[in-house]
Each structure stands twice: as structure tokens, then as C-alpha cells.
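Below is one structure, written out as C-alpha cells, with a few remarks after it.
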Amino acid sequence: MKKLLSLMPLLLLFSGCQFEQEIELKSSECKKNEFIFSLPKNILDYRNSMARFSQEGGESPLNSVQFISECIPKISFKNLAEQSAKDIFVSNYKNSARVTHFRIRDNVAYIELAAHTDSWPGVSASLAAVEPIIKRNLFLNSKVEDVVVGEILD
């Protein structure tokens with residue numbers, strides 16, 4: 001049994017199993033005054049696959065997206081969420097990435113973008129691509145346990 005357990009890492013290596021997707025840049029590699037900022041390697045392909053997924057369903061493209069990460073100067077979590085959205089929205093809708101409401105309550109971040117109240121045809125597909133990136137960057141840099149992205153009514 002001991003011999004089998006000692007071979008387990010090699011078996012996993014050769015079988016290609018991954019327990020979770022690795023981030024190219026570890027947050028510990030960023031300085032104390034920096035955040036790790038992570039975006040899909042190919043944003044156009046990511047947008048298209050998330051739009052298709054939001055309309056048709058099926059397997060989530062997030063399972064196969066490759067991300068690139070960099071260290072950026074620390075900013076507020078609100079600005080981090082806004083920057084995440086701006087980098088995903090297409091150029092003629094960058095203003096829709098503006099965070100109109102942001103709060104953290106009981107370790108949950110609540111975020112509303114201008115796109116939630118000032119919509120256009122296709123906004124739901126765009127938001128389907130933006131929401132996971134906002135969540136990813138907040139989870140990488142904060143201690144929030146959940147992130148809710150959507151219209152805030154209160």
C-alpha cells in the first residue's frame with residue numbers, strides 16, 4: 001500500500017488530472033501594496049463563449065478558460081470590480097462598466113453596474129461574461145465569501 005501511495009503523484013502527473021486551475025501568478029508574488037489582476041488570455045473568445053453559454057447553456061466555458069495575471073497597484077475593491085468589468089465589456093459599452101452601487105456586508109460584496117439599469121440588446125450576454133471576472137478578482141484579493149453582481153434595489 002505504501003508503494004502505491006508513493007506512486008500516486010506520478011500517476012496524477014501522467015494522467016493529466018488537475019485538482020484546480022492554477023493561477024500563473026500567485027498573489028504572494030505581488031507586493032503588499034499590489035493586487036493580483038486576472039483576465040482571460042483571449043478576451044474576445046471568452047466573451048463569445050460566455051455569450052453562447054448564457055443563451056444556450058451546456059458546459060461552462062470557465063472550466064477551460066486560460067487566464068493571465070499581473071500585479072497592479074492596490075485600489076479600492078469598488079474600483080477593482082469596475083476595472084474588471086471595463087476590461088471585458090466591448091469598447092462601445094465601457095461606460096456601462098461603471099459601478100453604481102458597491103458595499104460589503106457580512107463578508108458578501110454587492111455590486112451593481114450601470115449596465116444593470118441602463119441596458120441594451122445583448123446586455124445579459126455581456127453581463128454573463130463580466131460577472132465571473134469581477135468575482136474572480138475580488139476573491140483573489142479580498143476575504144469576501146460571496147459576491148453578488150446585479151441590480152441593488154434597496
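The structure presented is a predicted model; accordingly, all values stated were derived computationally and were not measured. The analysis underlying the following values was restricted to heavy atoms, covering all of them including side chains, and did not include hydrogens, waters or symmetry mates.
S54 approaches A51 most closely through the heavy-atom pair OG-O, 2.9 Å. Nearest heavy atoms, L113 versus A97: CD2-O, 3.4 Å. The shortest heavy-atom contact between G150 and H116 is CA-NE2, 3.4 Å.
To the nearest 0.5 Å, the span separating CZ on F35 from OG on S142 amounts to 8.0 Å. Distance CG/L62 to OG/S49: 8.0 Å, rounded to 0.5 Å. Expressed to the nearest 0.5 Å, how far NE2 of H101 lies from CD1 of I111 amounts to 13.0 Å. Atom CG of N107 sits about 10.0 Å away from atom NZ of K143, to the nearest 0.5 Å. The distance from atom CG of D118 to atom OG of S96, rounded to the nearest 0.5 Å, is 6.0 Å. The line from CG of N137 to CG of D87 is 9.0 Å long, rounded to the nearest 0.5 Å.
For CG of D106, the number of neighbouring non-hydrogen atoms (other residues, nucleotides, ligands) closer than 6.0 Å is 12 at most. Counted within 6.0 Å of NZ on K94, heavy atoms from surrounding residues, nucleotides or ligands total more than 12; the atom is thus considered enclosed.
Every residue two or more places apart in sequence or in another chain that forms a side chain to side chain contact (heavy atoms under 4.5 Å, CB included) with L44 is listed here: N42, R47, N48. Residues passing the salt bridge (charged side-chain N to carboxylate O under 4.0 Å, His left out) test with R52, sequence neighbours excluded: none. Under the side-chain hydrogen bond (donor to acceptor under 3.5 Å, both in side chains) criterion, D146 pairs with no residue at all, not counting sequence neighbours.
A 4.5 Å side-chain heavy-atom check between P40 and I88 finds at least one atom pair inside the cut-off. Residues L80 and F37 form a side-chain contact, since some pair of their non-hydrogen atoms from C-beta on lies under 4.5 Å apart.
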Taking distance alone, no hydrogens or angles, what donor-acceptor pairs closer than 3.5 Å link side-chain atoms of residues 121-134 to residues at least two apart or in another chain?
{"residue": "S126", "atom": "OG", "partner": "G122", "partner atom": "O", "Å": "3.4"}
{"residue": "E131", "atom": "OE2", "partner": "K135", "partner atom": "NZ", "Å": "3.0"}

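Although no hydrogens or angles enter the test, the distance criterion places a donor-acceptor pair under 3.5 Å between the side chain of E82 and the main chain of V99. A donor-acceptor distance shorter than 3.5 angstrom exists from the side chain of T100 to the backbone of E112, with no hydrogens or angles considered. Side-chain N or O atoms of K74 include one that pairs as donor or acceptor with a backbone N or O of K32 at under 3.5 Å.
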Criterion ring pair (Phe, Tyr, Trp, His ring centres under 6.0 Å) on F53 and Y46, from CA distance to verdict: CA-CA 10 Å; F53 172 68; Y46 168 76; over 10 Å; no

Show the numbers, then the answer: is there a side chain to side chain donor-acceptor pair (under 3.5 Å) between N79 and Q83? CA-CA 6 Å; N79 289 344; Q83 188 60 51; over 6 Å; no

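Clustering of Ile, Leu, Val, Met, Phe, Trp and Tyr side chains at separations under 4.5 Å places V108 together with Y110, V148, I152.
Residues in residues 127-154 take part in no ring-ring contact (aromatic ring centres under 6.0 Å, His included) pair, two or more places apart or across chains.
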